[in-house]
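Inspection log for the structure reproduced underneath, given as structure tokens.
Only this structure's heavy atoms are used, side chains among them; waters, hydrogens and symmetry mates stay out.
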Amino acid sequence: MVLKSVVAVTWAVVFGVFYARIWIQKNSDRRWSYEANQRIFTFLKIALVFIIPELLALVLFILPWIRNVIENTDWPIFYLLTWWFHTRIFVGRGLREGLINNIKYTMFWIAVLASKFVFSYFFQIRPLLGPTRALLNLNNVKYKWHEFFGSTNEVAAVLLWIPIVLIYLVDLQIWYTIYSSIAGGAVGLFSHIGEIRNIKQLRLRFQFFASALQFSLMPENQPIDAKDTLVHKLRNAIHRIKLRYGLGQPYKKIESSQVDATRVIRWPCFLLCNELLLALSHASELADAPDRWVWFRICKNEYRRCAVIEAYDSIKYLLLEIIKHNTEEHSIVTALFNDIDVCIHSEKFTKTYKMTLLPHIHEKLVSLIELLLRPEPDLRDMVNVLQALYEVSVREFPRVKKRTEQLMQEGLAPSNPDTNQGLLFENAIEFPDIQDAFFFRQLRRLQTILTSRDSMHNVPKNKEARRRIAFFSNSLFMNMPRAPQVEKMMAFSVLTPYYDEEVLFGKESLRSPNEDGVSTIFYLQKIYDVRGMMYYYKALKMLSFLDSASEVDIRHGSQSIVSLGRSSSSVTLLFKGHEFGAALMKFTYVVTCQVYGYQKKKRDPRAEEILNLMKDNEALRIAYVDEVYLGRNEVEYFSVLVKYDQQLKQEVEIYRIKLPGPLKLGEGKPENQNHAIIFTRGDAVQTIDMNQDNYFEEALKMRNLLEEFKENYGIRKPTILGVRENIFTGSVSSLAWFMSAQETSFVTLGQRVLADPLKVRMHYGHPDVFDRFWFLSRGGISKASKVINISEDIFAGFNCTLRGGNVTHHEYIQVGKGRDVGLNQIAMFEAKVASGNGEQVLSRDVYRLGHRLDFFRMLSFFYTTVGFFFNNMIVVVMVYMFLWGRLYLALSGVEEYASKNATSNKALGSILNQQFVIQLGVFTALPMIVENSLEHGFLPAVWDFITMQLQLASLFFTYSMGTRAHFFGRTILHGGAKYRATGRGFVVQRKSFGENYRLYARSHFVKAIELGVILVVYASHSPLTKDTFVYIAMTISSWFLVVSWITSPFVFNPSGFDWLKTVYDFDDFMHWIWYNRGVFVRADQSWETWWYEEQDHLRTTGLWGKLLEIILDLRFFFFQYGIVYQLRIAGGKTSIGVYLLSWIIMVAAVAIYIVIAYAKDKYAMKRHIYYRLVQLLVILVTVLVIIILLRFTLFTLFDLITSLLAFIPTGWGIIQIALVLRPFLQSTLVWSTVVSLARLYDMMLGLIVMAPLAFLSWMPGFQSMQTRILFNEAFSRGLQISRILTGKTS
């Protein structure tokens, strides 16, 4: 660093000297002489020498492997030649990617930057050049206030350009969003995501489903030392292409049917439903056409062809089965089918039989099957149906009617019709045994094929089941490694951190209602269907059985399971015994229950519940920290791993490792993970959080995923395998849907782009799979420093990238995840993430990545991590600068003067371009639309987007932007990020006004009111408001932001507009405001306690943080400065004395408040009449002063109202500055006045926020509309929200 500084100073001196020599020579010769030009050439030669290292860096960028070799080598010669970028720090070396990846992300950013620069020049910078000149050329501007900067208009020009400059900095994030959506969609298409989106598309691919299942999930029979050769990989790729595009044979062989006569594959019923009815309609339409035409029409659909053949064979089998053998009726039916078979083979069926009678025969067959399915079929009804079927088939169906003698000769009629043997079929029916499960299963299948008119696109009916089936089916056709046998697969563990959440719900806790009258069991039944990670164990046991089982074992085993009945149908009945051991060798689930030892000591029910889970799951291990007290205040700490021994029937310790001290040094969760990672087994470890879920069918693909560690992605093998997540909480409410859609686009398209082509995917939490041995030797999977590592997970990604790891992303496997779905939960989560990103800016990891990555990867890294939150904050700052700039122009008089000049007015109109880019924020929803289009189709994606807007999604996203901007900015300015628990409670609980105010007062309400005041003052003093369209176009985005920040907590609050509850909230809020502070009084009980806690960040901030806070707070004094000159009492004077005299009113107002407060403290309790007398005197004096001003000056009542907008912000600014100076003021008498004024301001702010809430609550029907908007998705899916909200769970 010292050497670099010396060289930089040297070059600065050299350039300065040689540049000065040019001008010295030029001035000496008084022209550009030959000598002066030669000195220019000398200067350029020196510049060429200066850029030689940069040219070398460019060459090394084009040839990244050379730079990697240089950086990873400690030879002195390399360090001497590349000292300006070579580092002796171990981390951050050799981070360049391969040439192909280098080209991909370079081209991506060249396209982004080119689009950004072209757009910025033609639509932002160029249109503003002329208006700026016009504004600067304004002469003799009559300012309405005392102008400190002379008569020039530089300040107005600067204010005109500041929002444009901010937009110039921010819009690259928008361009990144657009191009990342395009790239993510393209990568998703080439990855074959969303090719099977629903059951209808699955039907089209189902012919190849079995082969794809076998190819992807069944291992190849290869020797142990077999390696993947290029030929083998090419053969696999060709086979997968054949499966994907329907090339070649759809199935290797036709499985023999359990119905001997069936000649085709017996497809699942949902594929054959409605196909037979369609075939009947084709036959009726082509009644007189040749056989080939009819059969060609039917065979266009493979399922229709199979349905026809299977139905025919099954009917033949059925009739011959229920008619006694060795009877004349059996011979007649056999002869009938023989005749039909002959006609079919000779292609004379349509010439021989009437196609129009097929529907009638179909009707009779359906009646026959319905009779057979009755518990006790009636013989007489059966005879009648068979006789009717006989009459239609034998006498009416043929085109040429045959006489009885001819029928008798052909064996189609009884040989002795006049005998007394009874009616036909009367003595020939043999009902099947009611215990014959096989026969009735075939009968029900035939009934489904014959009768189903539904296309069964919605089978199964459960939407989640259809989604899982579609995703699993689609994943089988995606690119994934071949699965090895279980005994050859990589062993892995799953690690889940647990602190103090609920483990098992007892009957009482499940059934007891909460404060809204909703029981846990009712909530879970209506919304969630959660499974668990032990599916890995079950899947491995089944796969281990399949690896060693023969086809005969599987066939006979499945038949024996069926014979035992539905209740006993479990694949575990087939296991031979070795499967349990094989699964245990390859899988372990470690739950790191940090406080399990403490729970056992105090006999917490959760400890017993954890023990019960270990009893039921033999692959489950519990890691915890045990504290052993030795006396004399000495404590020893141990990391302990326990399991439940099935033979000893008790919990046993496996390992006990002594720790050097207490576990918790930072936030808790990272230490909880890192202390237990040594207890995991195998080559890989998957991190799973408490809010995650698993699916059995996805667990089957874990073997494939682990094989990715053996593949090269670029020039490195993976060290973290990213896995996509399915957010399953989107159906709770519209708010949950918004969060789910936003999160889904991030965990799919967003991370897909980060992995390829940008190569900057980090670890953003669970459920990624880590190379266990790689991370064990590099510090674990989390960083645990307090505060700065509050977002502990992403530092694993930073650490991985800095140490030469590789993070990939794979979307053929998914894990379920539940997200926060209440507004308060979401706000706390986003506050935590934003604060964590603020701390990341200060971390050495981000510093090193910024320095060591190449330029384009650095851009990718910035705009996908801390840069997103930085730009989010700049957007809010841009709105502030825009509105403050407009206010300056209006109050100073520049806007009024310029509006009278046509040329100058163009300068003011051009600023509308700023609003256009603010509208570009809609592009941030582009990833959601693209990913939704990819997985569900374009029209459903557009419809979902429109529905979201109708359900006020823009309100929610604007509100979230404010949350992120506030907490990121506060962390950057003051630090002090902290972990915020979002909770696991009910999300349909109504939050009181007081709770919402405490949570959002500083982050949203105060800022929204400030912007609202600016807009009101601007509207009352700007000449542009005369043109309504111009004013609306200019300020509509800002007004929307104000409305969003004030109303969102109530719009997305269940029963948020209930009038009676709003009245109760008002009483509760006022009680909270005036409640006195005590030692043990919580923030939700007393305003003063909350107020002090809200300022904690100012106690830990440094000098620069305090100074910047004071500078930012000075903006509130501008209201007073600008407005007092607009009052009529000022008489148009612009002297500075007007502003100074206005402070008399501020001093008088504070004095009045102090007098009243003093009288209240001294007289309110014992001498109440004195207190009232002081109040009366103050009121009389105030009224008298106002009357005198009205009578003897130019003062008006409008001035009185306007002055409130001037002095109230000034008071708020004084309070904010006093908070910064709290260490100096707290011990003085001034502090009590500051606290009292702050209480008054918070009460006033609360009433301003409550005013629209009260109005909307009072309006009839608004509460019902709000409930409908909030729970619309739940309504459509049958979720009984009305019962939840009213507590009627019975």
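Between Phe206 and Tyr303, the ring centre distance reaches or exceeds 6.0 Å.
Salt bridge present: Arg724 and Glu935 bring a charged side-chain N and a carboxylate O closer than 4.0 Å. In this structure, Asp436 does not pair ionically with Arg441, as no charged nitrogen and carboxylate oxygen lie closer than 4.0 Å. Using a 4.0 Å cut-off between charged nitrogen and carboxylate oxygen, Arg304 and Glu275 count as a salt-bridge pair. Taking the charged nitrogens against the carboxylate oxygens, Glu329 and Lys324 have no contact shorter than 4.0 Å, which rules out a salt bridge.
Atom CD1 of Ile449 and atom CG of Asn274 lie 12.5 Å apart (nearest 0.5 Å). Asp288 CG to Lys351 NZ: the interatomic distance, rounded to the nearest 0.5 Å, is 11.5 Å. Rounded to the nearest 0.5 angstrom, Lys354 NZ and Ser284 OG are separated by 13.5 Å.
Screening residues 345-375 for ring pair (Phe, Tyr, Trp, His ring centres under 6.0 Å), with sequence neighbours left out, gives Phe349-Tyr353, Tyr353-Phe397.
Counting only distance, with no hydrogens or angles, the side chain of Arg395 and the backbone of Lys401 share no donor-acceptor pair below 3.5 Å. No donor-acceptor distance shorter than 3.5 angstrom exists from the side chain of Thr327 to the backbone of Ile323, with no hydrogens or angles considered. Remark: the backbone N or O of His192 is paired with a side-chain donor or acceptor of Asn474 at under 3.5 angstrom. A side-chain donor-acceptor contact under 3.5 Å links Gln201 to the backbone of Arg197. Using a distance-only test at 3.5 Å, with no hydrogens or angles considered, no donor-acceptor pair links the side chain of Glu697 to the main chain of Phe472.
Of all non-hydrogen atoms in Phe440 and Leu373, the two that sit nearest each other are CD2-CD2, 4.1 Å. The nearest pair of heavy atoms linking Val486 to Asp547 is N-OD2, 2.8 Å. Of all heavy-atom pairs between Lys701 and Ser475, the closest is NZ-OG, 2.7 Å. In plain terms, the two heavy atoms of Ile332 and Ala413 that are nearest each other are CD1-C, 3.8 Å. For the pair Glu426 and Leu379, the tightest heavy-atom approach, listed with the atom from each and the gap, is O-CD2, 4.3 Å. Contact detail for Leu358 and Ala283: the closest heavy-atom pair is CD1-CB, 3.8 Å.
Residues Asp291 and Thr350 have side chains that bring a donor and an acceptor to within less than 3.5 angstrom of each other. In this model, no donor atom of one side chain and acceptor atom of the other lie less than 3.5 Å apart for Asn704 and Arg482.
Using a 4.5 Å cut-off on side-chain heavy atoms (C-beta onward), Phe471 and Asn726 make no contact. A 4.5 Å side-chain heavy-atom check between Leu412 and Leu336 finds at least one atom pair inside the cut-off. In this structure, Ser452 and Cys269 have side chains that are not in contact, with every pair of non-hydrogen atoms separated by 4.5 Å or more. Residues Gln447 and Val366 are not in side-chain contact: their nearest non-hydrogen atoms beyond the backbone lie 4.5 Å or more apart. Between Tyr390 and Val333, every side-chain heavy-atom pair lies at or beyond the 4.5 Å cut-off.
Seen from the ring of Tyr695, Arg468 does not count as a face-on cation partner, given the 6.0 Å and 45° thresholds.
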